[in-house]
Amino acid sequence: MNQPNRSRASRGLTSFRLKVIGAVFMALSIASTTLMPAILGVSLDAGAGMASISSADMVSLTEIVLCEIVSWCAVPIYAWLLVDGYRHTRGVWAYVGRLAALAVVCEVPYDLATSGKAFDMSSQNPVWGLVIALIVLALLDWTAARFGRAAARVLICLAIVLAGIMWNLLMNVGLRQHVMYAGALTLGFALIFRYLAARENTMMITAGLLGAMMLIVPAVGVMFLHWRNGETGYARPWTKWVFYALYPVMLLVGCVFTVL
């Protein structure tokens with residue numbers, strides 16, 4: 001009886017495998033602003049001016065931008081993992097606290113890796129987008145449980161969602177290349193995965209359309225989710241904590257290349 005389950009798991013993507021895939025895309029985003037400029041010898045200083053950029057530099061800059069764009073495949077993957085974690089968590093506010101602590105830890109390394117400054121408000125690390133999405137989901141469920149009148153419930157839920165979107169936009173959460181607001185997009189995907197979970201095809205199509213509207217690439221990330229098999233895939237219970245440490249560690253490694 002156990003063999004079919006192992007067979008399905010081997011053919012599909014477990015949560016562990018999805019986290020590994022997401023981590024690879026996440027590493028590409030960090031590399032695009034740290035490792036690749038150091039290797040290619042290209043300055044990402046916005047004030048350098050187009051006249052000073054050679055054709056070789058343009059090729060290198062194109063490679064760097066493509067690396068960043070491909071990394072956006074991670075957005076729907078992490079949104080799904082967040083919603084899946086929300087479904088199974090025993091304490092949602094403890095979950096919020098863990099993510100908020102991670103976001104705080106990541107902020108300075110993120111600013112150093114992306115701008116070379118220890119404090120930079122032009123973009124906040126994307127973990128804040130997960131925190132905001134999780135708070136929005138928790139508040140939406142709280143509202144649904146306590147407000148019986150449909151009109152009042154709908155208005156409050158709309159206000160909560162709009163507040164989440166505005167926080168992401170005003171704080172520039174996950175802003176990349178001045179076009180990708182990863183925080184707001186994470187919230188959009190999280191809402192789709194939360195409320196369309198019972199309709200798999202509708203959920204995947206809707207998420208794919210949202211990803212396609214945001215420069216196509218996030219829609220590719222949705223395709224990975226189509227192959228999920230519902231298994232956790234952890235060899236040891238403590239394995240999940242490794243992924244909490246992975247992002248700040250990668251950011252710190254990236255910071256090394258920004259100062260070389």
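All values derive from a computational prediction rather than experimental measurement.
Sequence neighbours left out, not one pair with a member in residues 113-128 passes salt bridge (Lys or Arg N to Asp or Glu O under 4.0 Å). The salt bridge (Lys or Arg N to Asp or Glu O under 4.0 Å) pairs that include a residue from residues 179-208 are D141-R194, E200-R228, where partners are two or more places apart or lie in different chains. Evaluation of the salt bridge (Lys or Arg N to Asp or Glu O under 4.0 Å) test over residues 61-75, restricted to residues two or more places apart or in two chains, returns E68-R176. Listed by first then second residue, pairs satisfying ring pair (Phe, Tyr, Trp, His ring centres under 6.0 Å) with a partner in residues 58-104 read W80-F193, not counting sequence neighbours.
Within the 4.5 Å cutoff, no side-chain heavy atoms of Y181 are placed close to those of V173. Considering only heavy atoms from C-beta on, L137 comes within 4.5 Å of V83 through its side chain. The shortest side-chain heavy-atom distance between P126 and T186 does not fall under the 4.5 Å cut-off. In this structure, F25 and I77 have side chains that are in contact, with non-hydrogen atoms separated by less than 4.5 Å. Between T232 and F16, every side-chain heavy-atom pair lies at or beyond the 4.5 Å cut-off.
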* To do: Please assess I69 against L215 for the test side-chain contact (heavy atoms from CB on, under 4.5 Å), listing each intermediate value before the final yes or no.
  => CA-CA 9 Å; I69 291 174; L215 303 176; 6.0 Å; no
* Kindly determine whether V222 and M204 satisfy side-chain contact (heavy atoms from CB on, under 4.5 Å), including the steps that lead there. => CA-CA 7 Å; V222 175; M204 288 292 105; 4.0 Å; yes
* To do: Assess whether side-chain contact (heavy atoms from CB on, under 4.5 Å) is satisfied between F119 and V108, documenting all intermediate values.
  => CA-CA 6 Å; F119 182 77; V108 171; over 6 Å; no
* Residue pair S115, Y110: steps toward the side chain to side chain donor-acceptor pair (under 3.5 Å) verdict -> CA-CA 8 Å; S115 68; Y110 177 84; over 6 Å; no
* Asked: Passes side-chain contact (heavy atoms from CB on, under 4.5 Å), L191 versus V161? Steps please.
  -> CA-CA 9 Å; L191 292 172; V161 172; 3.9 Å; yes
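Once rounded to the nearest 0.5 Å, the distance linking CD1 of I21 with CG of L225 reads 9.0 Å. With values rounded to the nearest 0.5 angstrom, L196 atom CG is found 10.5 Å from I205 atom CD1. The distance from atom CG of D111 to atom OG of S122, rounded to the nearest 0.5 Å, is 7.5 Å. With values rounded to the nearest 0.5 angstrom, S123 atom OG is found 12.0 Å from M180 atom CE. Rounded to the nearest 0.5 angstrom, L187 CG and L169 CG are separated by 9.5 Å. Once rounded to the nearest 0.5 Å, the distance linking CG of L82 with CG of L130 reads 5.5 Å.
Side-chain N or O atoms of S29 include none that pairs as donor or acceptor with a backbone N or O of M26 at under 3.5 Å. Checking side-chain atoms of T89 against main-chain N and O of G85 turns up no donor-acceptor pair under 3.5 Å.
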Show me the side-chain donor-acceptor pairs of residues 238-257 shorter than 3.5 Å, one per line, residues at least two apart or across chains.
| unit_1 | atom_1 | unit_2 | atom_2 | d |
| --- | --- | --- | --- | --- |
| T239 | OG1 | R236 | N | 3.4 |
| T239 | OG1 | R236 | O | 2.7 |

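Side-chain contact check for Y234 and T14: no donor-acceptor pair (N or O, by modelled atom type) lies under 3.5 Å.
Residues satisfying the salt bridge (Lys or Arg N to Asp or Glu O under 4.0 Å) criterion with E107, sequence neighbours excluded, are absent altogether.
One hydrophobic cluster, built from ILVMFWY side chains closer than 4.5 Å, holds both V20 and L102. Hydrophobic cluster membership differs between L40 and L66, with clusters built from Ile, Leu, Val, Met, Phe, Trp and Tyr side chains linked at under 4.5 angstrom.
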